[in-house]
Amino acid sequence: MKKAIALGVALFVLVTGTAFAKTNPKEDLKKFQNYYFKNFPNVPKNDFGNGIYALSKSLRDQWDSIEEFPPYELNIDRGEELWNKPFKNGKTHGSCFKNGGLGIKQNYPYFDTKKKTVKTFEQEINECRKANGEKPFKWKKGPITDVMAYLAYSSRGKKINVVIPNDDALKWYERGKKFFYAKRGQLNFSCADCHVKLPGKKIRANLLSTALGQVTHFPIYRSKWGGMGTIHRRYGGCNKQVRAKPFKAQSDSYRALEYFHTYMSNGLPLNGPGARF
Amino acid sequence: MRNAFCKVLTAASAAVLLSSLAAAPEALAAEKKAMSNIEKGKKLTFNRKKGNCLACHAIAGGKLPGNVGPPLLAMKARYPNKADLRATIWDRTKANPNTVMPPFGKHKILSDKDIDLITDFIHTL
């Protein structure tokens with residue numbers, strides 16, 4: 001009898017223990033954002049989307065002068081043209097999306113409950129092209145950044161609203177979270193090492209940005225690239241910098257990361273496309 | 001007599017000279033080697049593809065240092081035992097699992113020989 005009670009207690013502890021241990025994205029989000037608000041009391045919430053330029057007055061001044069003639073302006077124009085150019089079957093990209101794809105970027109990435117997977121905006125653009133008999137775009141640069149620049153521009157000011165609808169989605173969130181906090185590469189850095197622990201510090205002359213707000217302004221024109229890139233292009237660059245093998249753009253790993261990473265900036269206004277030097 | 005004295009003196013000074021000449025190359029060579037090791041270590045410390053220590057640490061003589069880690073100074077006071085400094089460079093995660101310092105030896109970012117040279121240099125700071 002005693003044994004049975006002990007077993008029962010043990011089982012109870014085990015069951016409730018795991019119940020308590022279940023990831024709570026809402027709690028994560030609150031802790032994550034409050035950490036930055038506490039550590040950067042002079043940065044208004046909506047300014048985190050401006051990256052390192054929210055942290056340094058002198059860099060902000062240089063950046064402001066770049067933004068007067070934004071290097072991504074042509075991309076927006078080209079993107080608009082491409083977006084509205086009819087496919088061979090007469091349809092356009094917009095036919096695959098709610099509201100023609102305009103002003104909806106804040107909902108990406110989202111969890112597709114039927115397919116039980118995370119979908120990114122880029123992914124759905126290429127699915128749309130394939131479904132209409134067109135060749136898909138390359139994932140990291142080129143025309144995809146043009147249309148993404150146009151779509152991001154049409155969504156400026158909308159607040160990020162990534163949703164985790166069920167336990168399947170939670171698994172993807174957890175996978176992304178694990179990616180974000182795991183040390184990797186020969187140099188042994190996690191995303192969080194540089195962008196949670198050390199934002200505002202300098203690696204040589206480079207200021208490290210806050211993870212909060214990193215996702216608001218993609219696609220970006222990056223002076224180092226001499227052109228535009230998608231967020232997965234940037235993820236690949238980060239991984240290479242810590243001497244880790246980058247994952248493929250739109251791989252499960254990067255989509256999971258984007259899901260978690262973007263969720264953590266929920267509530268911040270989109271301000272893409274962006275320019276970074 | 002005077003001549004004889006001079007001769008003795010000359011012989012004596014010649015002997016002193018000779019013995020110092022004999023001793024000098026060894027001492028000098030050792031000193032030179034230590035110096036060149038420190039110089040080599042300095043180069044490896046500053047080289048972006050090797051130690052790249054300036055990425056995170058301010059070091060006298062290095063430009064545009066990062067500020068992730070503490071400035072490297074008073075190293076003999078901080079590491080009276082040079083082996084401890086070497087162990088820190090080799091794998092800082094052993095003493096502090098949460099460190100952001102790359103484990104230079106453990107992850108083979110640098111060879112053991114390079115780590116010796118870098119330790120030699122950093123211990124002089």
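Atom set for the values below is all heavy atoms of this structure, side chains included, hydrogens, waters and symmetry mates excluded.
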By residue number, those in residues 45-55 of chain B with heavy atoms under 4.5 Å from heavy atoms of chain A are B:Arg48, B:Lys49, B:Asn52, B:Leu54, B:Ala55

Can you tell me how far apart NZ (A:Lys202) and SG (B:Cys56) are? Round to the nearest 0.5 Å. 13.0 Å

To check you understand the geometry: which heavy-atom pair defines the closest contact between A:Lys183 and B:Pro97, and what is its length? CE-O, 4.1 Å

Interface residues of residues 67-84 of chain B facing chain A - heavy atom cut-off under 4.5 Å: B:Asn67, B:Val68

Hey, does the side chain of A:Lys197 reach the backbone of B:Val100 with a donor-acceptor pair shorter than 3.5 angstrom? no

Side chain, backbone, both or neither: which part of B:Thr99 has an atom under 4.5 Å from a heavy atom of chain A? backbone

Hey, which residues of residues 105-125 of chain B are touching chain A, say heavy atoms under 4.5 Å apart? B:His107, B:Lys108, B:Ile109

If you check every heavy atom in residues 230-256 of chain A against those of chain B, which residues fall under 4.5 Å? A:Arg243

Check whether A:Leu198 gets within reach of chain B through its side chain, its backbone, both or neither, counting any heavy atom under 4.5 Å. side chain

Please find the pair of heavy atoms, one from A:Leu187 and one from B:Pro102, that lie closest to each other, and give the distance. O-CB, 3.5 Å

